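So the structure is just underneath, and the comments pick up after that.
Predicted model only: the values in this text are computed from it and were never measured. Note that ligands are numbered from 1 as they come in the structure, with each ligand's atoms numbered from 1 the same way. In this chain, residues are counted from 1 in sequence order.
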Amino acid sequence: MTVRAADLIEAKRNGREHSAAEVTDLILAYARDEVPDYQMAAWCMAVFFRGLSGAETFALTDAMIRSGETLDLGAALGRRVVDKHSTGGVGDKTSLAVGPIVAACGVPFGKMSGRGLGHTGGTLDKLESIPGFRVELTTEQFIAQVRETGLAIIGQSADLVPADKKLYALRDVTATVDIVPLIASSIMSKKLAAGADAIVLDVKVGEGAFMKSRDDAVILAEQMLDLGRRAGREVVCLLTDMSQPLGRAVGNALEVREAVETIRGEGPGDFTELVLDACARLLALSDLGIDVDEGRRRAEAAVTDGSALAAYERWIRAQGGDPSLEALPVAPLVHEVRAPEAGIVSRLDALAVGIAALELGAGRRTKADSIDHAVGIVCRAKRGTGVAAGDVLAEIHAADEASARVAEQATLAAYEIGDTPPRRLDILLDVIG
Ligand code: URA
C-alpha cells in the first residue's frame, strides 16, 4: 500500500484512531525514506496534542522493530536474558555498576546502550572515557563476549530499530521528544528487538528527567508495562528521583570512577541503593529462580566479596580497555565551589548541574559535538547535607580557567541552602509492575 501521510496527519490532528496497518505503513515508509521528515514531524506534533491509544502505541513499537533486524540473545546463549534501561538523567551511571554485579551473580548481561544528548549523559560516552575501550562490536563478537565473560555493553547496532534512530533524531529537533507514547515505543522497541525476556525500567522523575512530575512518570511507566505485556515480556518499572543528580559525579570519567567505587562498596548512598535494588530485581527476573530479597543478598555479597569488581575488570579488558582507575583521564583544573552561608542544602537542581557539566564539555549539544571525557562536576554536598559557610559544596573539573568560572557560578546557582531540613526524598519513589 502507498501511504498517504497527509491523510494520516489530518486524521490524527482531528483525533481519529489509526488502525495498526496504518501505523505500520507510515513507520515502515518513513524508514524507507518514502515519507519526508516534514510530514513525520507534523504527525509527531499531532500525536503530542491527540495522543496514541494502547493499540496504536503497540503498532508503532512493532513497526519500529520490523524496520530492522532483531537479535535473539536468549536463544544464542540458551539462557533467559534480562535487560535494564533508564529514561535518562544527570549522573546516571547505573548500568556501569549493575552489569558487573549481575554478571558476578551468574546472570548474563548483554546490553546495547546509547549516547547522551543535551543534559543527560549516555552510557557509551562514559565507557569511552576508559582508554582502549571499544563500544563497537559485531553481533557475533557481542554474543561471544556475553557467553565467555558474562557481560558486554555495546553501541546500538545500526541494523536494530533503524526507524527509531531516524525518528529520535527528528524528534530531537522538532520539540517532540517529551511525548509519552513516543518515548515508550522508542525505549521498548529497542529492548524488545535486542531479545530481552524481562526488563527493569528505571523511569526518572524530576527536573533533570524528561518526566518532570510523578504523575507523568506513572503514565510513562504504565505505557511501557502495557507494551511489555502485549509483547509477552516481563517488565518492572522503578520510579526514581532525578530532582538532584544521582550519586555525586556528573561527567564521563568521573562517573566511571564513582561506578567502580560503588562496585567496591564505597559509593554514595543514593547511587548504591539504586544499583543494589535494580540488581535484586534483575536477579529475581532471571532464571536463577530467586526472589527480590535473595537477589538483594546476592548482589550485596558480590560487592562485599570482590567478585563484582573482578567481573568489572574482566569485562573492561574483554572490550580492549584498561580497568585501572589511574588510566582514566583527569582534568587539568579542579575548582572548589564553597557554601556562601551556613545551613542545610534544601535543593540541588539536577538540570542546572547537567547543563553546567554540558557547558564544561562533558556532553554534546548536537550529535556532531565531541566530548571531553575528563571534565565534570562532583557534588560533595547533596540535599539534606548541613554545611558551614566556606565548606565545599562541589568540585568543578575543567579544561581551563574560563570554563571553570562559568561552571562555578552555574553550580552555585543550582544549590539552595535553607534553615530547615528538606522533606526526605528516597531515591526509589515507587515500583510498578
Ligand atoms: N530514551 C529513548 O530511548 N527514547 C526516547 O524517546 C526518550 C528517551
### Query
Mind checking what makes ring-ring contact (aromatic ring centres under 6.0 Å, His included) contact with Tyr312, not counting sequence neighbours?
Trp315

### Message
Donor-acceptor pair, distance only, cut-off 3.5 Å: does the side chain of Glu258 make one with the backbone of Ala249?
### Response
yes

### Query
If you measure from NZ on Lys12 to CE on Met45, what distance do you get to the nearest 0.5 Å?
15.0 Å

### Query
Nearest heavy-atom pair of Thr240 and Asp202: which atoms, and what distance?
OG1-OD1, 2.6 Å

### Task
Taking Arg214 for its side chain and Leu429 for its backbone only, find out whether a donor-acceptor pair lies under 3.5 Å.
yes

### Query
Under 3.5 Å, is there a donor-acceptor pair between the side chain of Arg364 and the main chain of Ser370?
no

### Task
Enumerate the protein residues lying less than 4.0 Å from ligand 1, judged by heavy-atom distances, in chain and residue-number order.
Tyr168, Arg171, Ile183, Ser186, Ile187, Lys190, Phe210

